[in-house]
Amino acid sequence: GNDFVLSVQLVPFDSTRKLLLTRDITQLERVQTVHRDFVANVSHELRTPLTVVGGFLETLLDMPDMDASTREAQLKMMFEQTQRMQRLVEDLLTLSRLENGVEARDERVDTPGLLQLLASEAQGLSQGRHRIALKLDSPVQVRGNYDELHSAFGNLVSNAVRYTPEGGQITLRWQQENGAPIFSVQDTGLGIEAQHIPRLTERFYRVDRGRSRATGGTGLGLAIVKHIAQRHQAKLDIRSELGQGSCFAIHFPPNRVVEPEAQLSKA
Ligand code: ADP
């Protein structure tokens, strides 16, 4: 903050310069607001489960003779809240790693294999409540970071499961369009109103806070997906219709394709 003010004073008056500085200050203020909001959001997200856990602990300490079933119910709720905090902290660490630009090693990712793994993970999450389909329309592999792509695709899959009511269909697809590989997850779930779509990748932006929380959401999933896509020069495309379902697609540039037999040069 202070360095910035000092540099303003050192600059001789000149109308173009002044305009430029005004714009920089506006931008700085915006960055500061985003940062403040973020800290406030994180604090709030952590305070809620902490309050719940603290409250139950107090009851348990005050009532040593509590009956076993009540005690068990309370312990279970405390456990769920600590898991929620853990997920949040893990997502925050993932985001911070991505934002600090820590270089991830590129490797050859067996994308069809990864999709098969994701489809079985989807089965696990869905527990038979949805039909899960896998469409491997392309055999191509891509150059990228396996763990990051697993995490990005996995976030889209878990969202599809969480925002699709029982009986719905979830389709994982790997295809190529004009040489460009595309990973997509299509669901027949709740869908999203158009006005929300541009904001979905903002940290902690949720259409329905209650539903997100109830299904274990941290509000950071799509922010993570967007970062990972960017690091792979890929684009996240979101299409959705309220009450019909959604399709989240990651479009990779054609130069990310690696031939199955090609060796990646070791860095
Ligand atoms: P969350 O942890 O809340 O799911 P995300 O960043 O993954 O956070 O998603 C942000 C919001 O986007 C969600 O809260 C939800 O409102 C909406 N959303 C994401 N995926 C879907 C989907 N497949 N169908 C409907 N809404 C979705």
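For ligands, and for the atoms within them, numbers begin at 1 and follow the listed sequence.
Within a 6.0 Å sphere centred on CD of Gln195, other residues, nucleotides and ligands contribute more than 12 heavy atoms.
Looking at Val225 and Ile250, their side chains come closer than 4.5 Å, going by heavy atoms from C-beta outward. Annotation: side chain of Ile170 is not in contact with side chain of Val157 (no heavy-atom distance under 4.5 Å).
When only modelled atom types and interatomic distance are considered, Arg173 and Gln186 share no side-chain donor-acceptor pair under 3.5 Å.
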Contacts table for ligand 1: protein N or O within a distance under 3.5 Å of ligand N or O, distances only.
unit_1   : atom_1 : unit_2 : atom_2 : d
ligand 1 : 2 (O)  : Thr218 : N      : 2.9
ligand 1 : 2 (O)  : Gly219 : N      : 2.8
ligand 1 : 3 (O)  : Tyr163 : OH     : 3.3
ligand 1 : 3 (O)  : Ser212 : OG     : 2.5
ligand 1 : 4 (O)  : Asn159 : OD1    : 3.4
ligand 1 : 4 (O)  : Arg162 : NH2    : 2.7
ligand 1 : 4 (O)  : Tyr163 : OH     : 2.7
ligand 1 : 6 (O)  : Gly221 : N      : 3.3
ligand 1 : 6 (O)  : Leu222 : N      : 2.8
ligand 1 : 7 (O)  : Asn159 : OD1    : 3.3
ligand 1 : 7 (O)  : Asn159 : ND2    : 2.9
ligand 1 : 7 (O)  : Leu222 : N      : 3.4
ligand 1 : 14 (O) : Tyr163 : OH     : 3.2
ligand 1 : 16 (O) : Val207 : N      : 3.1
ligand 1 : 20 (N) : Asn159 : ND2    : 3.4
ligand 1 : 23 (N) : Asp187 : OD2    : 2.9

Go through it in stages, so that I can follow the logic: the residues are Glu99 and Arg203, the test is salt bridge (charged side-chain N to carboxylate O under 4.0 Å, His left out), and I'd like the CA-CA distance, side-chain angles, deciding distance and then a yes or no.
CA-CA 12 Å; Glu99 284 178 349; Arg203 300 178 290 193; 3.3 Å; yes
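Side-chain atoms of Ser126 never come within 3.5 Å of backbone atoms of Ala122 as a donor-acceptor pair (strictly under, hydrogens ignored).
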